[in-house]
Protein chains: 2
Amino acid sequence: MAIKPTETAATRNRSHTEQVILDAAKAVLAEEGFSKFGVNAIARRAGCDKQLIYRYYGGIDGLVDAIGLDLADLFQELLAQPEGTRFETYPALIEQLLLSLVSAFRASDLLLRIAAWEVFDPSPVTARLAAARARALGQWVETRRGNLASPVGIDVGATNAALIAAVQHLALSAKAVGGFAGVALETDADWERIRAVLRTLVRASYAAAPIPQDCTAP
Amino acid sequence: MAIKPTETAATRNRSHTEQVILDAAKAVLAEEGFSKFGVNAIARRAGCDKQLIYRYYGGIDGLVDAIGLDLADLFQELLAQPEGTRFETYPALIEQLLLSLVSAFRASDLLLRIAAWEVFDPSPVTARLAAARARALGQWVETRRGNLASPVGIDVGATNAALIAAVQHLALSAKAVGGFAGVALETDADWERIRAVLRTLVRASYAAAPIPQDCTAP
DNA sequence: AACTTTTTTCACCAGTCGGTGACAAAAGTG
DNA sequence: CACTTTTGTCACCGACTGGTGAAAAAAGTT
């Protein structure tokens, strides 16, 4: 019956309380949305006084920064499935990125809400989240790009932006109303339609573009 | 010096006040966003007491319905540029729809905010707006579709949904932070990149699909 | 003129928000 | 033990929100 100083003690442990608050903040953002994201709601959810949010995180801004730090890890975890796989061509890399993004947004409400927040209610707070997200995404691409050359004769940046925007918006609308433009987006089968379309779009759009060095015909 | 009973009298004219309130509501939604959309903000903007919103519109819900009624007109007006033009092929129709949507979302903050509202904060109120919008959009397609046959061997619904989602999200992000995924979306030149990508995407994705009746080779 | 109806404003309610100062309780320290 | 620091709670503030009852002000009616 030795005293068991469990690291995650339930009484008067600052670091533990900090974690509880951080988890509560994530939960509020993921489940209630950013319009409900405030000190009162977070403290209520964490089961502690809102004063602690100010004391430990300096207010909402510091709390958002703490979420941003976890964001990179979350991203890596969600997009990490084929870890060591290398890709033959650049469009194959983009194709996998889009499909992974579909999975990631479907799996994580938090990620989705953050993406929505940046777009719908921009602020200095969300700008830092956006930066963290962009960093994580760029890192994902770089680590598995190898030395693949970008296609020429095609606006790669705009194309990727459009396709990622499509994925993001479909995921948002799916979460909100279960579909978009008359297309249901709830079951895996529903989303398989989108995955097929994404494959078609990325292959078709990159098909016309010559790829330097290695041009494997289909 | 005859008494000029101007239709839009400035004093004690109910229908005039109703219009002022409606315009104020649209302005608040377009400029401040749906998070600020409430009786207090609207009344403040309209320069009258909020009580009149309840008396004349029965509250926020009735006011939103009134906006919805104007929405169809707004849509028709924004997307009406090539009025009588007919299209040779179905993808050409979709292509024009996407390009028109880009123009419409760039031109009307109100339309954009409503689209965002539906996705972010779904409610019975926004559902009616979504229905009005969907009706107007479907009407646009029907009136200029003629008897064009849909391509086979391609998921038309999912493809169109993805492309429309891309346009909508790019427009939203552009309004919010001036770009998306590292691509600036402010000037006409910026958007011309997106238009080009959309043209490529729709043509490429529909190219593989056989079109019944008339299959004009590029 | 007096009266009724419509249009508009005002005052107030309860609830929530972000934020702060003061205090209680536990824990460490001598 | 007494003392200090840390951890947590409570009460309160001003500002804003959605919503309502009642009175005032103008317009119409006879």
Side-chain angles (χ1 to χ4, degrees), chain A residues 2-25 27-29 31-67 117 121 123-126, chain B residues 2-25 27-29 31-67 117 121 123-126:
Chain A
I3 300 106
K4 203 171 167 190
T6 314
E7 194 58 37
T8 64
T11 56
R12 300 253 167 188
N13 181 330
R14 168 162 179 168
S15 63
H16 175 251
T17 303
E18 285 178 348
Q19 190 60 47
V20 168
I21 292 175
L22 184 57
D23 289 343
V28 169
L29 185 53
E31 297 172 23
E32 317 282 340
F34 57 85
S35 61
K36 308 285 185 184
F37 188 76
V39 280
N40 290 305
I42 295 170
R44 207 179 304 128
R45 178 126 191 173
C48 68
D49 198 274
K50 59 183 172 182
Q51 175 79 18
L52 299 183
I53 296 176
Y54 292 100
R55 239 210 280 289
Y56 295 157
Y57 290 96
I60 289 292
D61 291 21
L63 196 46
V64 170
D65 281 341
I67 293 179
W117 194 5
D121 192 40
S123 65
V125 175
T126 63
Chain B
I3 300 106
K4 203 173 170 189
T6 314
E7 192 59 36
T8 64
T11 57
R12 301 254 165 186
N13 181 330
R14 169 164 180 167
S15 62
H16 174 253
T17 303
E18 285 177 347
Q19 190 60 46
V20 168
I21 292 175
L22 184 58
D23 289 343
V28 168
L29 185 53
E31 297 171 24
E32 317 282 339
F34 53 86
S35 59
K36 308 285 184 182
F37 188 76
V39 281
N40 289 307
I42 295 170
R44 207 178 303 129
R45 178 127 193 173
C48 69
D49 197 274
K50 59 181 171 182
Q51 176 81 15
L52 299 182
I53 296 176
Y54 292 101
R55 221 196 279 294
Y56 294 157
Y57 289 97
I60 290 291
D61 291 21
L63 195 46
V64 171
D65 281 342
I67 294 179
W117 194 6
D121 192 39
S123 65
V125 174
T126 62

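Just so we're clear, the structure is a prediction, and the values are computed from it rather than from any experiment. Residue numbers start from 1 in every chain, and the chains themselves are labelled A, B, ... in the order their sequence lines are given, proteins ahead of strands.
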*Return the value, rounded to whole Å, for the distance between atom OH of B:Tyr57 and atom P of C:dT8.*
12 Å
*Could you state the atom-to-atom distance from NE2 of B:His16 to P of D:dA27 in whole Å?*
14 Å
*asked:* Show the nearest heavy-atom pair for residues B:Thr126 and B:Asp121, with the distance to one decimal.
replied: CG2-O, 3.6 Å
*Is A:Ile60 close to A:Ile42 at the side-chain level, that is, under 4.5 Å between some pair of heavy atoms?*
yes
*Taking B:Tyr57 for its side chain and B:Glu18 for its backbone only, find out whether a donor-acceptor pair lies under 3.5 Å.*
yes
*Counting heavy atoms from C-beta on, name the nucleotide in D:dT7, D:dG18, D:dA25 closest to the side chain of A:Tyr56.*
D:dT7
*Distance in angstrom units between B:Asn13 CG and C:dT7 P, rounded*: 8 Å
_For A:Ala41 versus A:Lys36, what's the shortest heavy-atom pair and its separation?_
CB-O, 3.2 Å
*Please report, rounded to the nearest Å, how far the C1' atom of D:dT17 is from the CD atom of B:Glu32.*
16 Å
*Let me know the distance between NZ of B:Lys50 and P of D:dT20, rounded to the nearest Å.*
10 Å
*Considering only side-chain heavy atoms of B:Arg44, which listed nucleotide, C:dC10, D:dT17, C:dG18, is closest?*
D:dT17
*Nucleotide C:dA11, atom P - distance to OH of B:Tyr54 in whole Å*: 18 Å
_Minimum-distance nucleotide (side-chain atoms of B:Arg12 versus D:dT9, D:dA26, D:dT17)_ = D:dA26
_Minimum heavy-atom distance between A:Leu52 and A:Ile21, given as atom pair plus value_ = CB-CD1, 4.0 Å
*Does B:Thr17 have a side-chain nitrogen or oxygen under 4.0 Å from the phosphate oxygens OP1 or OP2 of C:dT8?*
yes
*Rounded off to whole Å, could you give me the CD1-to-C1' distance for the A:Ile53 and D:dG8 pair?*
13 Å
*Using heavy atoms to find the nearest nucleotide of DNA chain C for B:Leu52 and A:Asn40 separately, return the residue whose nucleotide is more 5′.*
B:Leu52
*Using atom CG of B:Asp49 as one end and atom P of C:dC12 as the other, report the distance to the nearest whole Å.*
14 Å
*Please evaluate the base of C:dT7 for a donor-acceptor partner in the side chain of B:Arg55 within a cut-off of under 3.5 Å?*
no
